[in-house]
**Student:** 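One structure follows; several queries about it will come next.
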Amino acid sequence: MLFAKSKPSLIVVIATLLVFSLVVTVLSEGYGTGVLSTSFIKTLGKTLCLCLAALAMDLVWGYAGILSLGHMAFFALGGYMIGMWLMYARTAEIVTTALAGGGLPATPAEIQDGITSQIFGVVGTSELPFIWGFAHSFPLQMLLVVLVPGLLALCFGWLAFRARVTGVYLSILTQAMTLALALYLFQNDSGLRGNNGLSGLQNLPGLSSTSQDSLSIWFFWASAAALGLAYLLISWVVSGKFGSVIRAIRDDEARVRFLGYSVEGYKLFVFILTAVICALAGALYYPQAGIINPAELAPTASIYLAVWVAIGGRGRLYGAIIGAAFVSLLSSWFTGGRAPSIPLVFGTLNWVDWWQVLLGLSFVLVTLFAPKGIGGLFDSLAGLHSPNRRGAPLGPNDGSLQEKEALK
Amino acid sequence: MTALLEVSGACVSFDGFRAINNLTFTIGPQELRAIIGPNGAGKSTFMDIVTGKTRPDSGSVMFGEKSTSLLKLSEAQIARIGVGRKFQRPTVFEDQTVTENLTLALKAARCPWRVLIWRKARADVARIADLAAQVGLADHLARKAGELSHGQKQWLEIAMLLAQEPRLLLVDEPAAGMTPAEREHTTALLVDIAKTRAVVVVEHDMEFVRRLNCKVTVLHEGAVLAEGSLDHVTKNQQVIDVYLGRGE
Amino acid sequence: MRVLPFVLAVLAWMFFGAFATVQADTAQSVLTTNTALVERASRQTIAPVIAALVESGDEMVPAILEAWADKRLGLRKADGVYLLIRAEGDNYATRSLDGQDLGLAPKSDITELKPNAGVRGLIATALVQFNLSSKDTAKRVAALDSIATDPNADALTPLRASIENEPDTALKDRKQRLERLLTLRFDPDSAARVAAIESFGTDTQLDLRAALNPLLSTKRVAVEGAAPEGANIANTLKIDEDITSNQAYGQLVDASLVPARLTVADQRAALLANLKDGVVGGLPLAKLNTQSARDRAYTALETQGLARVAATENEIAATLAKYQFFDIYDERDPAVTDAARDALRAIDQNVGLMRAADLGLDGLSLASIYFLAAIGLAITFGVMGVINMAHGEFITIGAYTGYVVQQWISDYTISILVALPLAFAITFGLGVAMERLVIRFLYKRPLETLLATFGISIALQQILKNIFGTQARPLTSPAWLDGAWMLNDVVSISYIRVAIFVLALLFLGVFLWIIKRTRLGLEVRAVTQNPTMAASMGINPDRINMLTFGIGSGIAGIAGVAIGLFAKVTSELGSDYIVQSFMTVVVGGVGNIWGALAGATMIGGLQKTIEWLNPSNTLAAQTYMILFIILFIQFRPRGIIALKGRAAGD
């Protein structure tokens, strides 16, 4: 870990993550004192997954300058892929048990029919859609968790980058891709149960006797481990010459081309890598959420991802984690109705109704006055300052760093 | 002598305006060449054609011994087969250190996988230090390029160009914004480089061109007006009319 | 064949005569004779009585029938005489069936006849023939309507008879048309029917299609050996081409020609019934977890005679080979079905063309909606390079402005006229405020602008939700915009959409006028092309940017009022249009009003075309449209109408 020396933040982040996980375990219902409820553990586990997605977003936007408004689509796709296995295998268990009660042992065809009617009765389909062909096998479906979002990112990225679509055009195009995917999944004949989505994902096949208290901790640890590993991987990716190249692409991609680097190749590489990381994050998130439906692919979800990164401070990996954790935990606190209402002269300020207004406006303020976001606090603690460039950004590209975002 | 770069019959037009009009241009493997011409003569467009930024409507651009056509290659591919370009305004990566800038330019594999696992060898460190010393930036290796002065950025860019080890250098107004001493240094450097590779210098400053002491090509309205030594072309009546005659 | 009606009439007379034992002269006598049937009138039994009433020739019959249907016919309990009655307090005002006033009678003396809906229907049908020649135009129209909704053979003769003396030419046309429609279905003469079918020519109206379609109804039959004698065969079906062998066998089962196939459930039941000591048909229970094992066990049961012998695949094939399958027209006359088929084919072709025209209109109206929604964006994004994610919320605010104005001004026309400028003013103000407070600090930073305006967008959306709630608010259009402009049965366009189209054209005109003909437009163009230069010429770029952004936002407000007239006004109204609006601008080409127009036309037309190809699924249409756009960007990254050359700034 040579590069760890140049990145003190790496050790801090990994250590924090480790300590946090241990503390949470000790306080959990499943393995500890039970101070933290299982649903709260699940919220924490989900937050770690969102941090993982934000980390990927920071790589693609903060480092490579591609403001993708479609990474939550990859996240949801990952969730759908793992959800297919969870739902299929779990339904298979139930159906087999039910059929065994009928006197004769069930034939494969009967089990298949039972599963199909259980899963697809709600959308009126009587045949198992072909995309469920691998749903019976965990390894194959796990492969799809990586392959499906990866291939989508490959096709989309190849088309978009090859045509040299950049800046806001690319953002709009990724947003359109997300919308197209969401609309497709909303159809009943998409093969993924239309707007019903996949449900019951919190029950692991073969583990019906294990309580949710234990499962929540398992998933919490898996999420924490994934976040830690991804942090290591991404730190390594951005630390060397590769990181140098993608930051150069962010600030001035035309110049990078004249140095002989194929900008499209690098963008595609980063786009696919981050899409796959998001998909894995989604595959860990949705078993904790229990349900996934096409509303999860709403284009705004992906914009929120960018918002978290911006609030945390883009171009700093720890910033992405802080931003995602801070905003999503605060969001669930405010919208969960736990925040106390504030009585005012003209009425009561109910946070459930007004939190989003606060979020929106504070986001505008962060963009205007604190482009470094929360990460900027750490910079000033570490005594780092921005270069004085009289207001000029660091490169001609839309995605380049602003003067106030950069560090000396 | 076989030519390194051979542009023939190139035409480019923007919305009906002919920026390059049947241009033919040849340069040998170890040659220094200056291109002069009034504004709008097509100097920048010529460089755009060679580096792949602009595709000509017709004509051919051949490079190297195997006469590779540059028309089918992307900018990055053209850069990889050995064409380097220095822009008029210094363009370096301002958010990165001088070392990082030079590392980026250093001749090495360019594909993402190889770059990902690339680690700096001792030879690379030495080469970077060498280049930095050559352009007087040895003391600034750890500084962010954005903090350098205008002249230092020019030097950094020239060093990056050298780090690429191109076979053909296209240099756009290298002396702009430099002190007389720095110009002296630049001239010496360019002449020195041209001993091992081809260098094309686009320049406005006649004094600078004279000091380069090389063959000169005069462009006008997208075509070659005259070619030869500076004394030869400055005696050419047409050149005087379109260019020198305008009170240079 | 002309003899046939006569024969039928005689038969009918004999039939009715059997019931009405005495040849009746008056309505009273007919009713009295059939009192048993009249008192317990039901749809099945009353027809002959009504027919006899009609046959009687009593001129009061129409009035009596109407009274009967209206529950104004009564039966005097004392002597079984029928009376026309009208309730007056506890009494009935009574009249005899020939119209003479008989004064009041207590309600208890008279049984009120209460025909059920079925009987009333029969009465109405019988009344039709009287009403067809009624002096009252409204009654004649009602009679025609009644025939048109429920065409039947009985109406043909009275309808024909009534045409001659019809004074109203429009009604006469209608009667003639209806007569032909009835003729083609019910005339006993084949040639007359074919002539009637052919008389319609290229007519594509719905009633004609409704009349022709029943002529081509078919029934599927399985026949052993040759085709049935004299049947009008529509299709000879080949197994595995036209129908699957399963369907064919199912057809035979339905016709009770062969026993049903063994289903999985039956097999299961048979196996379970014969389960002894965990063994069935020689196989242990645990082994029966595959279909082939179960089949083997069942075969074993068959051979032991313990289960019904089920057909094997080979036997089924052999059975099917013995049968032929046909679709047979219910209409027996081939000349008629041929004519009807040809006519329908011609109609389908015509309808197809008109559908295309209708689709064109739909596409145009969708395009004008997108254009309206996108024109403000085209200005802010195209001219200033600013991405405004809150544009959708400006549209919403426009729609809500319309709603609020309607709460104050009840006249819809005036309220819309007030709402349009008010919406412009409000969103203009908001746009200017946003530009001054946020956007001007972020020029040249389009991605940051995108995110900042997204923040504003979610804040505005939530504020609107807090004020107006989540349910849809009505924004009602003025009455003169209700309804649709019907060109014919197929091609129609609602007036609201026409109005939106006009509004879109108006905006295009106004925008072009501002940009090309006014000082402001000149300054806007100058700032767009070179802000520094423009500033040195004495133009204040700040002011121009502010105005441009304000105008772009203001137009979004007006578009909101227009969109609110036909869409549900909720706080999410605008966000439904925002992605499409961006697409419109990107596809069309940035920095150019014609680009927005071209983009809107393409996206609107494309979406409708895809919907037409796959009409069941509008979601899929949007999906494919977006995919197409992503591909389109490949070939024209700068949009349909792109700035070329050095001005594009590449």
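Below, chain A is the first sequence line, B the second, and so on; all start at residue 1. Being a predicted model, the structure only gives us computed values, none of them experimental. Worth knowing before you read on, the calculation uses all heavy atoms, side chains too, and leaves out hydrogens, waters and symmetry mates.
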**Student:** Can you pull out the residues in residues 59-81 of chain B with any heavy atom less than 4.5 Å from chain A?
**Tutor:** Glu75(B), Ala76(B), Ala79(B), Arg80(B)

**Student:** So, Asp172(B) and Lys43(B), do they make that salt bridge, N to O below 4.0 Å?
**Tutor:** no

**Student:** Side chain, backbone, both or neither: which part of Glu100(B) has an atom under 4.5 Å from a heavy atom of chain A?
**Tutor:** both

**Student:** Please check if the side chain of Thr99(B) supplies one atom and the backbone of Leu141(B) the other of a donor-acceptor pair under 3.5 Å.
**Tutor:** yes

**Student:** Under a 4.5 Å cutoff for heavy-atom pairs, which residue among Val256(A), Leu259(A), Leu268(A) has the most contacts with chain B?
**Tutor:** Leu259(A)

**Student:** Looking at Pro112(B), Gly84(B), Ala163(B), Ala145(B), which has the largest count of heavy-atom pairs under 4.5 Å with chain A?
**Tutor:** Pro112(B)

**Student:** Report the C-alpha distance between Gln154(B) and Glu173(B) in whole Å, list the side-chain angles of each, state the deciding distance to 0.1 Å, and finish with yes or no for side chain to side chain contact (heavy atoms under 4.5 Å, CB included).
**Tutor:** CA-CA 10 Å; Gln154(B) 291 274 40; Glu173(B) 302 202 17; over 6 Å; no

**Student:** Using a 4.5 angstrom heavy-atom cutoff, name the option from Gln96(B), Met160(B), Arg85(B) with the most pairs to chain A.
**Tutor:** Gln96(B)

**Student:** On the 0 to 90° scale, with breaks at 30° and 60°, tag the His185(B)-Trp155(B) ring pair as parallel, tilted or perpendicular.
**Tutor:** tilted

**Student:** Given a strict heavy-atom distance threshold of 4.5 Å, which part of Asp252(A) is in contact with chain B: side chain, backbone, both, or neither?
**Tutor:** both

**Student:** Taking ring pair (Phe, Tyr, Trp, His ring centres under 6.0 Å) as the definition, give me every residue that meets it alongside Phe208(B), ordered by chain and number, with sequence neighbours left out.
**Tutor:** none

**Student:** For Tyr231(A) together with Tyr318(A), are the ring centres under 6.0 Å from each other?
**Tutor:** no

**Student:** Using a strict 4.0 Å threshold on nitrogen-to-oxygen distance, state whether Asp124(B) and Arg119(B) make a salt bridge.
**Tutor:** no

**Student:** Decide whether Ser262(A) and Arg110(B) meet the rule of one side-chain donor and one side-chain acceptor closer than 3.5 Å.
**Tutor:** no

**Student:** Against chain A, work out which of Asn101(B), Val83(B), Thr51(B) has the most heavy-atom pairs shorter than 4.5 Å and name it.
**Tutor:** Thr51(B)

**Student:** Is the Lys NZ or Arg CZ of Arg316(A) less than 6.0 Å from the centre of Tyr63(A)'s six-membered ring, within 45° of the axis?
**Tutor:** no

**Student:** For Phe269(A), is it the side chain, the backbone, both, or neither that has a heavy atom closer than 4.5 Å to a heavy atom of chain B?
**Tutor:** side chain

